[in-house]
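Shown next, in structure tokens, is the structure this report addresses.
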Amino acid sequence: MFGKPHRIKKRNLTCPYCSHKQEEPSLAISSFCKSCGDHFRIRKGIAFASPGLRVSGITEIRKPGEKANLLPFDWAKNPDTDSRPGEGIKEQAHEGAWLQSSEEDDGEPRPLPKQEDLEHETPVGISAGAFFGLTSEDNREEQDDSDATIGQKSQGKETLAEGSMEALIGPLTPAEAPEKEKMPPNYVPPERRKKATDSVSGFDVRCFRCYHVQSVSRFAKSTQCERCSAYISLANYEIQAHKSHTLRTRGDIVIGRRGGLKNSEIACHHLTVNGSIDAFVDCSGDATFRRSGVVRGHLYCRRILIEKNCEVEFPDGVMAQRAEIHGKLVGNLTCSGKLKLFRNGSVRGDVRAVEIDSKDEQAITGESTIDPVTSTDLPVKMGFNSSVIG
């Protein structure tokens with residue numbers, strides 16, 4: 001970094017065309033002569049003439065009337081001759097050369113044409129027939145005059161179509177119905193789509209404390225009573241072990257086969273019993289019993305179902321809107337709808353219902369009453385403890 005500055009090595013080269021000597025970097029492989037402007041190549045420190053066309057990198061500018069300082073190619077091949085550039089050499093123009101002089105006959109450079117002159121300039125060219133030898137150049141002016149009249153007497157599409165066969169047959173052909181746009185199979189038109197403002201389906205929830213019934217969205221996780229402001233949980237539970245504690249929710253409770261409740265108090269919406277049960281139950285939905293047990297307290301449910309080979313005791317009685325008995329129900333039953341007793345179903349107690357469907361008259365051991373005005377609606381409590389929340 002702090003050493004001597006690196007200098008590029010240079011070497012003296014002699015132009016193969018004009019013998020002009022100049023310095024070039026040692027790594028250069030080609031260059032232009034600073035005197036004659038011709039391109040040459042460098043190989044092993046010696047300049048050689050390029051094998052291709054001679055390309056000059058210098059443009060000579062001279063005044064009008066001054067002769068060009070040209071060097072014949074013969075002198076470049078034999079630099080030992082006595083002739084030198086500019087000594088009695090006349091300017092020569094080779095016919096058919098690719099490089100043309102920028103000077104005209106008067107010796108002055110030709111100026112660039114203006115845009116205005118190009119716009120008003122009449123294009124001069126050769127016709128296609130004359131180019132391919134089909135016509136002579138003398139007939140070019142006559143062809144130009146005839147071409148100028150082409151298209152002046154042309155008619156529109158409507159005029160040409162009036163007497164055509166397509167115009168006569170067109171009205172007689174049946175009109176094709178536009179093809180319907182293909183849509184995905186699950187596409188629903190906007191007018192049939194359910195709007196976001198539409199009410200979401202829910203279910204009825206009964207308060208634990210005042211028995212007030214209100215509708216709650218099925219997506220809700222909890223709610224609050226509109227009447228007594230009690231907190232109501234909507235969580236679902238599944239009991240897989242024997243427990244003895246209080247559980248209050250308006251969600252669903254499922255007791256597994258290995259689970260059970262004893263000396264407990266539960267409140268739920270739907271109750272499914274697959275294990276043992278001996279608890280106080282407050283059910284606002286459907287109560288399904290697939291195993292024998294004891295339900296203490298007044299059970300108020302929407303539908304009760306007792307499966308076959310099950311015996312469920314209700315010491316304080318049961319009230320339901322519908323009842324389907326496949327097994328045995330021990331206790332008094334009040335049904336505001338239809339009571340259906342199946343082949344092995346029976347009720348040991350008094351029955352009061354709107355309709356009883358039973359093929360066996362001895363299925364009911366107690367007093368059976370059919371009353372169309374039977375109701376199972378719980379009366380709403382007038383008072384509540386305001387200090388208890390939840």
> What are the two closest heavy atoms between G37 and F32, and how far apart are they?
Replying inline: O-CD2, 3.4 Å
> Roughly how far, to the nearest 0.5 Å, is the OG atom of S358 from the CD1 atom of I356?
Replying inline: 8.0 Å
> I239 and V273: same hydrophobic cluster, using ILVMFWY side-chain contacts below 4.5 Å?
Replying inline: yes
> Would a distance-only check, ignoring hydrogens and angles, find a side-chain to backbone donor-acceptor pair under 3.5 Å from E226 to Q214?
Replying inline: no
> F314 versus V281: any side-chain heavy-atom pair under 4.5 Å?
Replying inline: no
> What's the spacing between I304 CD1 and I306 CD1 if we round to 0.5 Å?
Replying inline: 4.5 Å
> Can you list every salt bridge (charged side-chain N to carboxylate O under 4.0 Å, His left out) pair that touches residues 362-376, not counting sequence neighbours?
Replying inline: R352-D371
>> Going by side-chain contact (heavy atoms from CB on, under 4.5 Å), name the residues that satisfy it together with K21, two or more places apart in sequence or in a different chain.
In response: T14
>> Going by salt bridge (charged side-chain N to carboxylate O under 4.0 Å, His left out), name the residues that satisfy it together with D360, two or more places apart in sequence or in a different chain.
In response: none
> How about H269 and S284: does a side-chain donor come under 3.5 Å of a side-chain acceptor?
Replying inline: yes
> Is there side-chain contact between H245 and S264, with at least one heavy-atom pair below 4.5 Å?
Replying inline: no
> Are F40 and I46 connected in a single hydrophobic cluster, I mean Ile/Leu/Val/Met/Phe/Trp/Tyr linked by side-chain heavy atoms less than 4.5 Å apart?
Replying inline: no
> What salt bridge (charged side-chain N to carboxylate O under 4.0 Å, His left out) pairs are there with at least one residue in residues 318-329, not counting sequence neighbours?
Replying inline: R303-E324
> Listed by chain and number, what are the side-chain hydrogen bond (donor to acceptor under 3.5 Å, both in side chains) partners of S346, not counting sequence neighbours?
Replying inline: none
> Is Q362 atom CD crowded by more than 12 heavy atoms from other residues, nucleotides or ligands, each under 6.0 Å away?
Replying inline: no
> Residues in side-chain hydrogen bond (donor to acceptor under 3.5 Å, both in side chains) with H326, at least two apart?
Replying inline: none
> Are the side chain of S50 and the backbone N or O of H39 linked by a donor-acceptor pair below 3.5 Å?
Replying inline: yes
> Hey, quick one: are F208 and V216 part of the same hydrophobic cluster, counting side-chain heavy atoms closer than 4.5 Å, chains of contacts allowed?
Replying inline: yes
> What do you reckon, is CG of D204 surrounded by more than 12 foreign heavy atoms closer than 6.0 Å?
Replying inline: yes
>> If the condition is side-chain contact (heavy atoms from CB on, under 4.5 Å), which residues does R11 pass it with, not counting sequence neighbours?
In response: L13, S26
> What closest approach, in Å, do C228 and R209 show between heavy atoms, and which atom pair accounts for it?
Replying inline: O-NH1, 3.7 Å
> Do C36 and C15 pass the side chain to side chain contact (heavy atoms under 4.5 Å, CB included) test, and can you show the C-alpha distance, the side-chain angles, and the key distance before you say yes or no?
Replying inline: CA-CA 9 Å; C36 63; C15 177; 3.8 Å; yes
> Any salt bridge (charged side-chain N to carboxylate O under 4.0 Å, His left out) pairs touching residues 261-287, not counting sequence neighbours?
Replying inline: R206-D282, R248-E265, R250-D282, D278-R296, D286-R302
> For the residue pair Y231 and S222, what are the closest heavy atoms and their distance?
Replying inline: OH-CB, 3.4 Å
Sequence neighbours left out, cut at 3.5 Å: what donor-acceptor pairs do the side chains of residues 331-339 make with other protein atoms?
unit_1: N332; atom_1: OD1; unit_2: D350; atom_2: N; d: 3.1
unit_1: S336; atom_1: OG; unit_2: T376; atom_2: OG1; d: 3.2

>> In the structure I gave you, are the side-chain heavy atoms of R291 and N274 within less than 4.5 Å of one another anywhere?
In response: no
> Under 3.5 Å, is there a donor-acceptor pair between the side chain of S233 and the main chain of T249?
Replying inline: no
> Among all residues two or more places apart in sequence or in another chain, which pass the side-chain hydrogen bond (donor to acceptor under 3.5 Å, both in side chains) test with E311?
Replying inline: none
> What's the shortest heavy-atom distance between G349 and I364, and which atoms?
Replying inline: O-CG2, 3.8 Å
> If you measure from NE2 on H270 to CD1 on I253, what distance do you get to the nearest 0.5 Å?
Replying inline: 12.0 Å
> H298: what forms a side-chain contact (heavy atoms from CB on, under 4.5 Å) with it, not counting sequence neighbours?
Replying inline: Y300, D316
>> If I compare all heavy atoms of G297 with all of F280, which pair ends up nearest, and what's the gap?
In response: N-CD2, 3.6 Å
>> Quick check for you: to the nearest 0.5 Å, what is the distance between L305 atom CG and I325 atom CD1?
In response: 7.5 Å
>> Does K243 form a side chain to side chain contact (heavy atoms under 4.5 Å, CB included) with L261? I'd like the steps, not just the answer.
In response: CA-CA 5 Å; K243 297 184 179 181; L261 292 175; 4.2 Å; yes
> Can you name the side-chain hydrogen bond (donor to acceptor under 3.5 Å, both in side chains) partners of E238, sequence neighbours left out?
Replying inline: Q240
> Rounded to the nearest 0.5 Å, how far apart are CD1 of I255 and CD1 of I277?
Replying inline: 4.5 Å
> Side-chain heavy atoms under 4.5 angstrom apart, residues restricted to Ile, Leu, Val, Met, Phe, Trp, Tyr: same cluster for F203 and L271?
Replying inline: no
>> Contact between C310 and F289 at the side-chain level, heavy atoms closer than 4.5 Å - yes or no?
In response: no
>> Distance check, rounded to the nearest 0.5 Å: I266 atom CD1 versus L247 atom CG?
In response: 7.0 Å
> Which atom pair, heavy atoms only, marks the closest approach of S31 to Q22?
Replying inline: OG-NE2, 3.9 Å
